[in-house]
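First up is the structure itself, then whatever we jot down about it.
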Amino acid sequence: MVDDEILTRTYKVAPELLWKAVKQALLTGIGATLKEVEEEQRRATFTTGISWTSWGENMVATVEPGQPTGSLLKVTGQPHTSILTTRWGEEVHQHQFTQNLVQAVERALS
């Protein structure tokens with residue numbers, strides 16, 4: 001199964017600052033379980049929990065330098081399973097999770 005692009009967001013901060021904020025956000029109780037952190041690639045692999053519309057997802061967050069300045073947060077993912085789930089349900093789950101992630105990142109940056 002191919003990962004779906006779930007979130008792409010530009011921030012006006014250095015990649016190192018955004019990467020620190022993303023790691024902090026993933027550890028703050030937003031429904032993510034961190035599985036692996038690759039510091040050099042600024043890449044975090046994590047899962048999201050079950051919701052009323054989803055069995056959860058396997059996700060990857062990466063932070064890249066922005067063009068020409070700032071940095072870019074990208075999140076991709078795929079459902080844990082396709083059994084008893086719908087595209088609509090997964091999109092609802094992704095939307096709620098990304099809202100929580102963006103809020104947590106912005107809190108960590110402030």
* Do the side chains of V22 and V60 join up, straight or via other hydrophobic residues, at under 4.5 Å, putting them in one cluster? -> no
* Any side-chain heavy atom of L72 within less than 4.5 Å of one from T8? -> yes
* Closest heavy-atom pair and its distance - G77, I6 -> N-CD1, 3.4 Å
* **Gap separating the NZ atom of K74 from the CD atom of E5, nearest 0.5 angstrom** => 6.5 Å
* Asked: Who pairs with Q41 by side-chain hydrogen bond (donor to acceptor under 3.5 Å, both in side chains), at least two apart in sequence or on another chain?
  -> none
* Structure fact -> Residues at least two apart in sequence or cross-chain that pass side-chain contact (heavy atoms from CB on, under 4.5 Å) with L27, listed by chain then number, are L34
* Just jot down the side-chain hydrogen bond (donor to acceptor under 3.5 Å, both in side chains) partners of E36, sequence neighbours excluded, or say none. => none
* Do the non-hydrogen side-chain atoms of D4 and T76 ever get within less than 4.5 Å of each other? -> no
* What's the spacing between M59 CE and T45 OG1 if we round to 0.5 Å? -> 12.0 Å
* Structure fact -> Interatomic distance, OG1@T48 vs CD@Q96, rounded to 0.5 Å, equals 11.5 Å
* **Those residues that, when tested against F46, pass ring-ring contact (aromatic ring centres under 6.0 Å, His included) (two or more places apart)** => F97
* **Full working for side chain to side chain contact (heavy atoms under 4.5 Å, CB included) between V105 and Y11** => CA-CA 10 Å; V105 167; Y11 290 86; 3.9 Å; yes
* Any side chain to side chain donor-acceptor pair (under 3.5 Å) pairs touching residues 101-110, not counting sequence neighbours? -> R9-E106
* Structure fact -> Residue pairs passing the side chain to side chain donor-acceptor pair (under 3.5 Å) test with at least one member in residues 23-35, sequence neighbours excluded, are K23-E39
* Do side-chain atoms of T62 reach the backbone of R43 as a donor and acceptor pair under 3.5 angstrom? -> no
* **Shortest non-hydrogen separation from L7 to L101 and the atoms involved** => CD2-CD2, 4.3 Å
* Under 4.5 Å between any side-chain heavy atoms of P65 and S71, yes or no? -> no
* **Reference residue V63; test side chain to side chain contact (heavy atoms under 4.5 Å, CB included); the match among E16, R42, K20** => R42
